[in-house]
S.K.: 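So that we are looking at the same thing, I have put the structure below in structure tokens.
Order of appearance sets the numbers: ligands from 1, and atoms from 1 within every ligand. Both backbone and side-chain heavy atoms feed into the values below; hydrogens, waters and symmetry mates do not. Just so we're clear, the structure is a prediction, and the values are computed from it rather than from any experiment. Throughout, numbering of the chain's residues begins at 1 and tracks the sequence.
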Amino acid sequence: MTQITLALSKGRIFDETLPLLAAAGIEPAESPESSRKLIIGTNRADVRLIIVRASDVPTYVQHGAADLGIAGKDVLVEHGGEGLYQPVDLNIARCRMMVATPVGFDYAAAVRRGARLRVATKYVHTARVHFAGKGVHVDLIKLYGSMELAPLVGLADVIVDLVSTGGTLKANNLVAVEEIMPISSRLVVNQAALKLKQAALRPIIDAFRDAVQA
Ligand code: ATP
Ligand code: MG
């Protein structure tokens, strides 16, 4: 029997993936929220789940420690996607990657006069590519969370972060001024596994694709 390992992160991606797993006939044996286990069995003896940080999913799949994974486009763009096949946009965990500034900061004017901007973000690579494309000079400041704080305490002029409702920005007197890209989660597959475990992986990939289209 071919063993299949699927890498998932806890929280919204796990929750929104459950119905897709069900459509593929896969039911986790326990919830990663209540269990401390990092390897979770399923109703299928040939399928197991591993629970990793969202930003680590591409790494596990790239190296073949997982055959499949589910990761946000934000994470995939930042990782680079090397060694990964991305067959299905699952249309879950949707939000937007945005540039945001304090209310009252004239971003358009700063860009026009060629100001050098201090940009705080978890997405350093994505931000670098975005601002280079606009011809804007930036000093990138790598953060691991709570990006909204940076402009409030003088660490940065602008942030690059994910926005869904805008509630967190508003609560911190920030405003989104530019969209970088729309974000949703993708199914990612290890390219070598796709060849070697074709017969086992195909039905799972197809079931996910069908469930998304339904
Ligand atoms: P941690 O919170 O443990 O530091 P994380 O921030 O990467 O990790 P989540 O906040 O659960 O984990 O985000 C996981 C993925 O969900 C992100 O990579 C992104 O694709 C998506 N996501 C993040 N924020 C939102 C949001 N506000 N709305 C919809 N999807 C989101
Ligand atoms: Mg988070």
Side-chain angles (χ1 to χ4, degrees), residues 6-21 28 30-40 49-63 65-66 68-101 119-130 140-151 155-156 158-189 208 211-212:
L6 172 68
L8 284 174
S9 54
K10 283 201 259 194
R12 85 185 87 223
I13 289 188
F14 186 86
D15 297 344
E16 295 189 42
T17 298
L18 272 179
L20 300 171
L21 287 174
E30 50 199 316
S31 158
E33 310 298 340
S34 53
S35 169
R36 292 181 181 212
K37 284 189 190 163
L38 299 175
I39 301 180
I40 293 184
L49 311 179
I50 61 172
I51 306 301
V52 304
R53 273 301 276 276
S55 47
D56 290 334
V57 167
T59 306
Y60 278 86
V61 178
Q62 174 189 2
H63 294 278
L68 305 150
I70 295 176
K73 188 179 176 189
D74 52 322
V75 160
L76 291 168
V77 169
E78 197 63 21
H79 169 271
E82 195 194 329
L84 303 178
Y85 174 60
Q86 301 182 25
V88 189
D89 180 352
L90 301 172
N91 241 321
I92 59 169
R94 287 160 54 107
C95 53
R96 295 185 296 163
M97 173 100 58
M98 307 279 296
V99 180
T101 73
V119 181
T121 187
K122 188 155 106 175
Y123 304 102
V124 170
H125 170 74
T126 309
R128 182 180 294 115
V129 170
H130 174 71
L140 291 161
I141 300 162
K142 167 80 181 182
L143 293 177
Y144 293 88
S146 302
M147 270 74 80
E148 295 85 0
L149 179 62
L155 180 63
V158 314
I159 64 170
V160 167
D161 198 7
L162 301 179
V163 180
S164 47
T165 63
T168 308
L169 292 181
K170 200 165 179 204
N172 291 291
N173 209 27
L174 303 173
V175 63
V177 292
E178 188 166 77
E179 175 164 336
I180 298 179
M181 65 181 83
I183 300 293
S184 55
S185 290
R186 322 272 153 137
L187 182 63
V188 296
V189 186
F208 271 76
V212 171

S.K.: Relative to atom 3 (O) of ligand 1, which among R96, R53, R186, E16 owns the nearest non-hydrogen atom?
M.R.: R53
S.K.: What part of V163 sits under 4.0 Å from ligand 1 if we count only heavy atoms: the side chain, the backbone, both or neither?
M.R.: neither
S.K.: Taking only heavy atoms of A54 into account, list the atoms of ligand 1 that are under 4.0 Å away from them.
M.R.: 7 (O), 14 (C)
S.K.: Write down the atom of L8, the atom of V57, and the distance for their closest heavy-atom approach.
M.R.: C-CG2, 4.4 Å
S.K.: Please compare K73, R12, K10 and report which has the shortest non-hydrogen distance to atom 22 (N) of ligand 1.
M.R.: R12
S.K.: Can an N or O of S9 be found at a distance shorter than 3.5 Å from an N or O of ligand 1?
M.R.: no
S.K.: Judged by atom type as modelled, is there a donor-acceptor pair below 3.5 Å linking the side chain of E16 to the main-chain atoms of A93?
M.R.: yes
S.K.: Going by the order shown, which atoms of ligand 1 are within less than 4.0 Å of some heavy atom of V75?
M.R.: 18 (O)
S.K.: Relative to the heavy atoms of A93, which atoms of ligand 1 are at a distance of less than 4.0 Å?
M.R.: 29 (C), 30 (N)
S.K.: Do you know the tightest heavy-atom contact between E33 and G11?
M.R.: OE2-N, 2.9 Å
S.K.: Side-chain donor-acceptor pairs under 3.5 Å in residues 78-88, sequence neighbours left out?
M.R.:
from	atom 1	to	atom 2	distance (Å)
E78	OE1	H125	N	3.4
E78	OE1	T126	N	3.0
E78	OE1	T126	OG1	2.7
E78	OE2	V124	N	3.0
E78	OE2	H125	N	2.7
H79	ND1	G81	N	2.9
H79	NE2	Q62	OE1	2.8

S.K.: To the nearest 0.5 Å, tell me how far I180 CD1 sits from R96 CZ.
M.R.: 11.5 Å
S.K.: Verify, without hydrogens or angle tests, whether K142 (side chain) and K122 (backbone) share a donor-acceptor contact under 3.5 angstrom.
M.R.: yes
S.K.: Any idea which atoms of ligand 1 are less than 4.0 Å away from a heavy-atom of R94?
M.R.: 28 (N), 29 (C)
S.K.: Can you sort out which atoms of ligand 1 are near G72, meaning under 4.0 Å from one of its heavy atoms?
M.R.: 20 (O)
S.K.: For residues 68-77, tabulate all N or O donor-acceptor pairs below 3.5 Å that involve a side-chain atom, not counting sequence neighbours.
M.R.:
from	atom 1	to	atom 2	distance (Å)
D74	OD2	Y123	OH	2.8

S.K.: How far apart are the closest heavy atoms of R186 and D89, and which atoms are they?
M.R.: NH2-OD2, 3.5 Å
S.K.: Below the 3.5 angstrom mark, is there an N/O of S164, backbone or side chain, next to an N/O of ligand 1?
M.R.: yes
S.K.: Under 4.0 Å from a heavy atom of L162: which atoms of ligand 1 are those, numbered in the order shown and with their elements?
M.R.: 19 (C), 22 (N), 23 (C), 24 (N)
S.K.: With respect to atom 19 (C) of ligand 1, which of T168, L76, D74, I92 exhibits the smallest heavy-atom separation?
M.R.: D74
S.K.: Quick one: which ligand 1 atoms are inside 4.0 Å of a heavy atom on K122?
M.R.: 5 (P), 6 (O), 7 (O)
S.K.: So, for A127 and T121, which heavy atoms are closest and what is the spacing to 0.1 Å?
M.R.: CB-CG2, 4.0 Å
